[in-house]
Amino acid sequence: QAQLVESGGGLVQSGGSLKLSCAASGRTLSNNGMGWFRQAPGKEREFVAAIAWNGGSPVYAESAKGRFTISRQYAQTTVYLEMSNLVPEDSDSYYCAGARRAFGSSRASDYTTWGQGTQVTVFS
């Protein structure tokens with residue numbers, strides 16, 4: 001069983017940047033796609049970005065395009081989400097997830113392993 005631990009969340013002013021990290025332990029996820037989702041209390045989990053097992057084929061939600069960058073080294077299980085030009089609407093708990101297959105996906109149902117989340121709060 002793999003475990004995912006997110007870090008890097010925090011409090012940032014609007015227009016600022018944060019870099020989230022997701023480290024895996026236990027069963028390797030080096031052959032699996034990885035993704036980032038976010039969720040506010042009382043709302044559905046929302047897709048942010050995903051990446052394939054080899055660090056290629058990144059996909060982004062419309063809200064993340066041009067501002068967020070997902071990355072991982074080839075077949076490594078540490079995944080990053082660099083966020084810039086943050087706005088208060090980006091305030092959420094951010095979750096890292098390991099996909100069932102080699103490529104990432106925008107569907108939460110395609111992920112089998114989830115972290116506990118890291119809180120991002122953007123103030124104006």
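Being a predicted model, the structure only gives us computed values, none of them experimental.
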Checklist outcome for this item: In short, disulfide bond (SG atoms under 2.5 Å apart) pairs touching residues 90-124 with sequence neighbours left out are Cys22-Cys96
Checklist entry - Okay, side chain of Tyr80, backbone of Thr69: is any donor-acceptor separation there less than 3.5 Å? => result no
Next on the checklist: Just verifying a value: how many Å separate Asn32 CG and Thr77 OG1, rounded to the nearest 0.5 Å?
Outcome noted: 10.0 Å
Checklist entry - Does Gln116 reach the main-chain N or O of Glu6 with its side chain, forming a donor-acceptor pair under 3.5 Å? => result no
Checklist entry - Would Trp36 and Tyr60 show up in the same hydrophobic cluster when neighbours are defined by side-chain heavy atoms closer than 4.5 Å? => result yes
Next on the checklist: Assigning hydrophobic clusters by single linkage (Ile, Leu, Val, Met, Phe, Trp, Tyr; side-chain heavy-atom cutoff under 4.5 Å), is Phe68 placed with Tyr111?
Outcome noted: no
Next on the checklist: For Val122, is there any backbone N or O sitting under 3.5 Å from a side-chain donor or acceptor partner on Ser91?
Outcome noted: yes
Checklist entry - Side chains of Ser93 and Gln39: do they bring a donor and an acceptor to under 3.5 Å? => result no
Item to check | Single-linkage hydrophobic cluster Trp53~Leu81, side-chain heavy atoms < 4.5 angstrom | outcome: no
Item to check | Tyr95 reachable from Met34 in the ILVMFWY side-chain graph, under 4.5 Å edges | outcome: no
Next on the checklist: How close do Gly9 and Leu20 get, counting heavy atoms only, and between which atoms?
Outcome noted: N-CD2, 3.6 Å
Item to check | Pair Val120-Met83, side-chain contact (heavy atoms from CB on, under 4.5 Å): steps then yes or no | outcome: CA-CA 10 Å; Val120 171; Met83 305 185 294; 3.9 Å; yes
Checklist entry - So how far is it from Thr121 OG1 to Asp92 CG, rounded to the nearest 0.5 Å? => result 9.0 Å
Item to check | Cluster link Ile70 to Leu86, ILVMFWY, side chain under 4.5 Å | outcome: yes
Item to check | Within residues 29-78 or reaching into it, pairs that qualify as disulfide bond (SG atoms under 2.5 Å apart) - sequence neighbours excluded | outcome: none
Next on the checklist: More than 12 heavy atoms of other residues, nucleotides or ligands under 6.0 Å from CD of Gln119: yes or no?
Outcome noted: yes
Checklist outcome for this item: Residues Leu29 and Arg72: closest non-hydrogen pair is O-NH2, 3.3 Å
Next on the checklist: Please report whether the ring centroid of Phe47 lies less than 6.0 Å from that of Phe37.
Outcome noted: yes
Item to check | Distance in Å, Leu18 CG paired with Thr118 OG1, rounded so as to fall on 0.5 Å steps | outcome: 8.5 Å
Checklist entry - Under 3.5 Å, is there a donor-acceptor pair between the side chain of Ser84 and the main chain of Arg67? => result yes
Item to check | Nearest heavy atoms of Ser124 and Ser14, plus distance in Å | outcome: CA-CB, 4.0 Å
Checklist entry - Within the distance-only criterion (no hydrogens, no angle test), does the side chain of Gln3 pair as donor or acceptor with the backbone N or O of Gln1 below 3.5 angstrom? => result yes
Next on the checklist: Tell me whether the count of non-hydrogen atoms from other residues, nucleotides or ligands lying under 6.0 Å of CZ in Arg107 goes above 12.
Outcome noted: no
Checklist entry - Is there a side-chain contact between Ser30 and Gln73, using heavy atoms and a 4.5 Å cut-off? => result no
Checklist entry - With no hydrogens and no angle check, is any side-chain donor or acceptor of Asn54 less than 3.5 Å from a backbone partner on Gly56? => result yes
Checklist entry - Can you name the nearest heavy-atom pair linking Phe103 to Ala99, along with the distance? => result O-CB, 3.8 Å
